[in-house]
Every structure is written in structure tokens, then in C-alpha cells.
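What you see is a predicted model, and the numbers here were worked out from it, not measured in a lab. Computed over heavy atoms, backbone and side chain alike; hydrogens, waters and symmetry mates excluded. So that the names make sense, note that chain A is the first sequence line, chain B the second, and so on, each numbered from 1.
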Protein chains: 2
Amino acid sequence: METEQEACGLHEDELSTWLALVGVLIKLPAALDEQLQRDAGMNHFEYLAMLALYRNEGHRKRMSELAVLTNGSLSRLSQVISRLEKRGWVRRTPDPTDGRCTLAVLTDAGLAKLLDTLPGNTEAIRRLVFAPLKKVQARQLREISHRIIRAIDPSIPDRKLGIGSDC
Amino acid sequence: METEQEACGLHEDELSTWLALVGVLIKLPAALDEQLQRDAGMNHFEYLAMLALYRNEGHRKRMSELAVLTNGSLSRLSQVISRLEKRGWVRRTPDPTDGRCTLAVLTDAGLAKLLDTLPGNTEAIRRLVFAPLKKVQARQLREISHRIIRAIDPSIPDRKLGIGSDC
DNA sequence: GAACTTTGCTTGACGATTTAAGTGACCGGG
DNA sequence: CCCGGTCACTTAAATCGTCAAGCAAAGTTC
């Protein structure tokens, strides 16, 4: 007999795992975006871009490098930086060493805003991800995430995952 | 001394776990959307909506219930169903038992399209999620996902996670 | 050093999503 | 009944993201 699970092409245990993961993929970004939007008037991508600038010497970074760090397209980043510029949190400046490149720089106001926003976001991450997990589960989650990311993009070495890579 | 990690407000091991998870949250939906867009000309939300219809008796479901199953807003679903209607894969019909409600129904063409699309999507999920994980890691992932989802929305009982709940 | 290619970024048109307002259908008390 | 309130859904406007040109600086070839 064909079970419901087979109707999806996944076995029973795979299916329930997959549905749970889909829930996380949809709800966790939404929850974090909502927290940032409510408390700081920015979305998660804008926050990640500012955080990545903050974590670089001179609080600046080339657009193209910043796009990689934030997992976004260059065109998306360009428009986001324009938005952040309008709010006075970031400014653009030409790269003195290569006229083609543009550097995004965190302003003083942007730094203040980021430092103001950080604790709330950190608290949300702790509350939604780490608090409900046992220590060992957090370690398992890291290993699992690494494996999935490598399956999606085998070219990424372990150490080059995200904003932390430059630190 | 203040480490880079503390600058983010997360401890070193939390930070690397978080960055890896962010990578999955961004890249996995993008990879699945890309596969569905390329092979079937639809996005993941449209696919989930059709799959949820398929997995119900009569291949039909009220809009509001379908919205919950697909983790989406009612307005989003309404527009997605309109798109699917234009392609002839779904049709709307009034609920005979309550004039306020609308039932979305999978058409024969929609059923055929879904059955045509299923194997490719299943293969992608297997390749990107289950193949790189050991069996025990897949079980860990399910438990971890459940815990995170409950932290986000404590009102959801374990058995009510996603499309599978009705089967 | 002129012509071509490549690189880095920006822009505009388009599609998708959210938000808020609007439209009927039901429901419950007078 | 019928009138306010709620419910299910739709629609319009604004926002956000992607894709495809476009442009200017840097590099490459002859």
C-alpha cells in the first residue's frame, strides 16, 4: 500500500524532518526580521551589512566583498546601501586604490545605531535558537549546517562561512 | 580582552553555529527555489500550496486553512492561487457549507504538473539535506527544528507542523 | 596607445510580498 | 428581522528583490 509519506517521495522519518526544517526556514528569518523591524526599523539584511562593516578595520568594506559576506547580490546590496545612506548610517566613498571600487563606510550615527541594536538581536537569537537547545544540540546544529551548506556550494571552505570569516 | 566574538554579543561557539545556520537559512531556500523555477517554472511556495492540496481528500482546502499549512499570509496565498489559476493548475470554488469561505481545488492539469514536479524536488531535498547527513544527524535535525519552532511559536503542538499534519 | 575585454557598481523595469483598506457572508442580541 | 460585529477573503498601494542593461575604470593584447 502507498502511504501518505511515499506520496511525497520521502520516507516517513525524512518527511517529518523535512517539514520541521521548512518551518524553521520560514519562521526563524521572519521572527528575526520582525524583531529588528520593530525595535530598530531595519531588516535583517540591512543589519547584517552594518554588522559586517563594523567588524572590519576602518568600519569599511568594498561593495563586492560586502555582498559576499552578507550572502546577497551586488545589486541588492547597492540598493540597501543607498537606503542606509539616506538614513545617515552609511556613506559611500571611492576606493583610492582602484577607481572602479566603492567602499561602504559606517558613519558615527550608524555605529551608534548598530551598538544600540545589537543587544536586542543577540537576545532574540539566544531566545529562539540557543535557549531551547541543549549544549550538545547546538554543536550538532553547527555540524549539520556545515554539511548542508557544503552540499549546496562545495566551493566554500569551512572557515569562510559568513561575516565571522574576516575576524 | 574583548574578542571579535564578544563584539557580536555571542560567545565564540554560539557565533560560529549562528553564522552556519544563517548560511542554511539563506542558501537552502534559494537552492530549492532555483531548482523548482528551473525544472517546473514555479517557486517553493506555489509548490507547497499545490502539494498541500494534493495531500487532502478531494484535492481541495479552504484558503485560510491552506495559508496556515503553507506558513503564509492569507493575502499572499490569495495572489498565489490567482497565479496558479491563470496557469490552469488550481481553481476556486465556493464552500457550500459557508458562503464566506473559498475552496482552492487542484485541477487535473495541476495534479499532472505536481506529479511531474515531485521527483525532482524530492531528489533535491535528498541531495542537499539528507545525503550529506548521517542518519543520526537527520534525527537530531528534526528534534532541533521542533525545539526552535516551539520557541518561536509555543502554540503549535508537535503534530501540527506543516503540510503533513493532515495526513 | 588603440581597441577590446573584464571588473565593479548602478539603474530601471518587472515580479513578488506585505500592509491596510474594502467587500460580502455569517452570527448573535435586541 | 435588522444591526453591529466578526470572519474569510480580495484588492491597491507601497516596498523589496531580481534580472538585465548600462557605464566607467582597469587590465590585456597587439
Identify the pairs formed between an N or O of the protein and an N or O of nucleotides 12-16 of chain C at a distance under 3.5 Å, and give each distance.
residue	atom	partner	partner atom	Å
C:dG12	O6	A:Gln79	OE1	3.4

Exercise for the section: Mark yes or no for whether B:Thr102, through its side chain, and B:Met63, through its backbone, hold a donor-acceptor pair below 3.5 Å. Expected result: no
Problem - Heavy-atom check, side chain of A:Val68 versus side chain of A:Glu65, under 4.5 Å - result: no
Problem - Side-chain N,O (A:Arg92) to OP1/OP2 (C:dT10) below 4.0 Å - result: yes
Exercise for the section: Determine, using the 4.5 Å side-chain heavy-atom cutoff (strictly less than), whether B:Phe130 and B:Ile144 are members of one ILVMFWY cluster. Expected result: yes
Problem - Rounded distance (Å) that lies between atom C1' of C:dT10 and atom CG of A:Leu77 - result: 12 Å
Fill in the blank from the handout: Scoring nucleotides 21-29 of chain C by protein non-hydrogen atoms under 4.0 Å (B base, S sugar-phosphate only, - none) yields ---BBS---
Practice task
Considering only NZ, NE, NH1 and NH2 on the basic side and carboxylate oxygens on the acidic side, decide whether A:Glu143 and A:Arg147 come within less than 4.0 Å.
Solution key: yes
Fill in the blank from the handout: A:Leu103 CG to C:dC9 C1', in whole Å, measures 12 Å
Practice task
May I ask you to check whether A:Asp39 and A:Gln35 show a side-chain donor-acceptor distance below 3.5 Å?
Solution key: yes
Fill in the blank from the handout: In whole angstroms, the gap separating C1' of C:dT6 from CG of A:Leu74 amounts to 15 Å
Completion exercise
Contact span of DNA chain D against chain A, any nucleotide atom under 4.0 Å from a heavy atom, 5' to 3', runs D:dC16 to D:dA26
Exercise for the section: Starting from C1' on C:dT11, measure out to CD1 on A:Ile81 and report it in whole angstrom. Expected result: 16 Å
Handout entry: Rounded distance (Å) that lies between atom P of C:dG8 and atom NZ of A:Lys61
Key = 13 Å
Handout entry: Side-chain touch A:Thr97/A:Arg62, heavy atoms, less than 4.5 angstrom
Key = yes
Problem - side-chain hydrogen bond (donor to acceptor under 3.5 Å, both in side chains) contacts touching residues 111-120 of chain B (sequence neighbours left out) - result: none
Practice task
Let me know, please, whether A:Ser73 or B:Arg62 comes out on the 5' side of the other along DNA chain D by nearest nucleotide.
Solution key: B:Arg62
Exercise for the section: May I have all residue pairs that pass ring-ring contact (aromatic ring centres under 6.0 Å, His included) and include part of residues 58-113 of chain B, sequence neighbours excluded? Expected result: B:Tyr54-B:His59
Problem - With B:Tyr47, the side chain to side chain contact (heavy atoms under 4.5 Å, CB included) member among B:Thr70, B:Asp33, B:Leu114, B:Leu32 - result: B:Leu114
Practice task
Evaluate the side-chain proximity of B:Thr17 to A:Val129: yes if any heavy-atom separation is below 4.5 Å, no if none is.
Solution key: no
Problem - Listed partners of B:Ser16 passing side-chain contact (heavy atoms from CB on, under 4.5 Å), at least two apart - result: A:Arg142
